[in-house]
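Presented below is the structure to which this report refers.
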Amino acid sequence: MKTAIVYCSKHGTTEKIAGLIADKLDGEEVSVINLDKDNGPDPEIFDRIIVGGSIHEGSIQKRVKQFCTKNLQTLLRKELGLFICYLNKEKQNEQFEHAFPQELREHSKARGYFGGELLFERMNFLDRWIVRIVAKKKENVSEIDYRAIDRFVADLKPLDRKESKLNENAARQP
């Protein structure tokens, strides 16, 4: 299966997670594409598209939204995974809903909320100042949910024939 992982990453956490997902899709042809450095792939040439970004100031990156809007009809014909990186677990569902159009959320085979990081050494002065005031943090924070990444990848991977047969037989039994 030919897969594109399309993302934006402000301080590197989403980039790290995109790489982890690519590594876990072992044996597949995977292209990892940063929308900040590339205008985005032609989604027609891929079987599966995974789209992700981080939430800053209540919104996902503009380029992620533009990619989804521009390619909406094509994405609705592809196997799709969507994810966000966001530290506030209480608001992650709300942020996910704002990040992606309803049609894509409903169509997606996998959805991921992967936590996030605050990496002060990767922030500019203004970002560090805002984080210190708003989040009341002065040191790096890493709260990536690695189990959620594993579940996300498992949702994307097809069951092998043996597992599929077992599930089929279990479904038939009363």
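In what follows, every heavy atom counts, from backbone to side chain, and hydrogens, waters and symmetry copies are set aside. No experiment lies behind these values; they were computed from the predicted model shown.
Here the shortest heavy-atom pairing between Leu156 and Glu79 reads O-OE2, 3.3 Å. The two residues Gly52 and Ile60 come nearest to each other via the heavy atoms C-CD1, 4.5 Å. In terms of heavy-atom proximity, Asp42 sits nearest to Phe46 at O-CD1, 3.6 Å. When every heavy atom of Asn71 is checked against every heavy atom of Pro43, the shortest pair comes out as OD1-CG, 3.4 Å. Pairing each heavy atom of Arg63 with each of Leu35, the nearest pair is CD-O, 3.2 Å. Considering every non-hydrogen atom in both Ile84 and Ala99, the closest pair reads CG2-CB, 4.1 Å.
One finds the CG atom of Leu75 at 11.0 Å from the OG atom of Ser108 (value rounded to the nearest 0.5 Å). Distance OG1/Thr74 to CD/Glu44: 4.0 Å, rounded to 0.5 Å. Remark: Phe114 CZ to Ile149 CD1 distance equals 5.5 Å, nearest 0.5 Å. Between atom CD1 of residue Ile49 and atom NZ of residue Lys78 there is a gap of 6.5 Å, rounded to the nearest 0.5 Å. Note that CD of Glu94 and CD of Gln92 are 11.0 Å apart. Values are rounded to the nearest 0.5 Å.
Gln66 is not listed as a side-chain neighbour of Thr69, based on a closest heavy-atom distance of 4.5 Å or more. Using a 4.5 Å heavy-atom cutoff, the side chains of Leu76 and Leu72 are in contact. For the pair Leu104 and Leu82, the minimum side-chain heavy-atom distance is below 4.5 Å. At least one side-chain heavy atom of Val32 sits less than 4.5 Å from a side-chain heavy atom of Tyr7. Residues Tyr146 and Leu20 meet the side-chain proximity criterion, which asks for heavy atoms closer than 4.5 Å. For the pair Arg111/Phe83, no side-chain contact is recorded, criterion being any heavy-atom separation below 4.5 Å from C-beta on. Looking at heavy atoms from C-beta onward, Val6 lies out of side-chain contact with Ile50 at the 4.5 angstrom threshold. Taking 4.5 Å as the limit, some side-chain heavy atom of Ile144 sits within range of a side-chain heavy atom of Lys16.
Sorted by first and then second residue, the ring-ring contact (aromatic ring centres under 6.0 Å, His included) pairs with a member in residues 88-108 read Phe96-Phe100, Phe96-Tyr113; sequence neighbours excluded.
In this structure, the side chain of Thr14 does not engage the main chain of Ser9 through any donor-acceptor pair within 3.5 Å. The backbone N or O of Asn34 lies less than 3.5 Å from no partner atom in the side chain of Asp38, so there is not a single donor-acceptor pair.
Residue Lys109 qualifies as enclosed at atom NZ: its count of foreign heavy atoms under 6.0 Å is above 12. By the neighbour-count criterion of 12 heavy atoms within 6.0 Å, atom NZ of Lys89 is sparsely surrounded, having that number or fewer from other residues, nucleotides or ligands.
When Cys85, Cys8, Ser59 are each tested for a side-chain contact (heavy atoms from CB on, under 4.5 Å) with Ser54, only one passes: Cys85.
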Please tabulate, one pair per line, all N/O donor-acceptor pairs under 3.5 Å involving side-chain atoms of residues 21-31, not counting sequence neighbours.
from: Lys24; atom 1: NZ; to: Asp150; atom 2: OD1; distance (Å): 2.8
from: Glu28; atom 1: OE1; to: Thr3; atom 2: OG1; distance (Å): 3.4
from: Glu28; atom 1: OE1; to: Arg48; atom 2: NH1; distance (Å): 2.7

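Hydrophobic clustering (ILVMFWY, side-chain heavy atoms < 4.5 Å, transitive): Val51 and Tyr86 are in one cluster.
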**Request:** Take Gln102 and Glu97, measure what side chain to side chain contact (heavy atoms under 4.5 Å, CB included) needs, and give me the verdict at the end.
**Result:** CA-CA 7 Å; Gln102 181 178 348; Glu97 287 186 17; over 6 Å; no
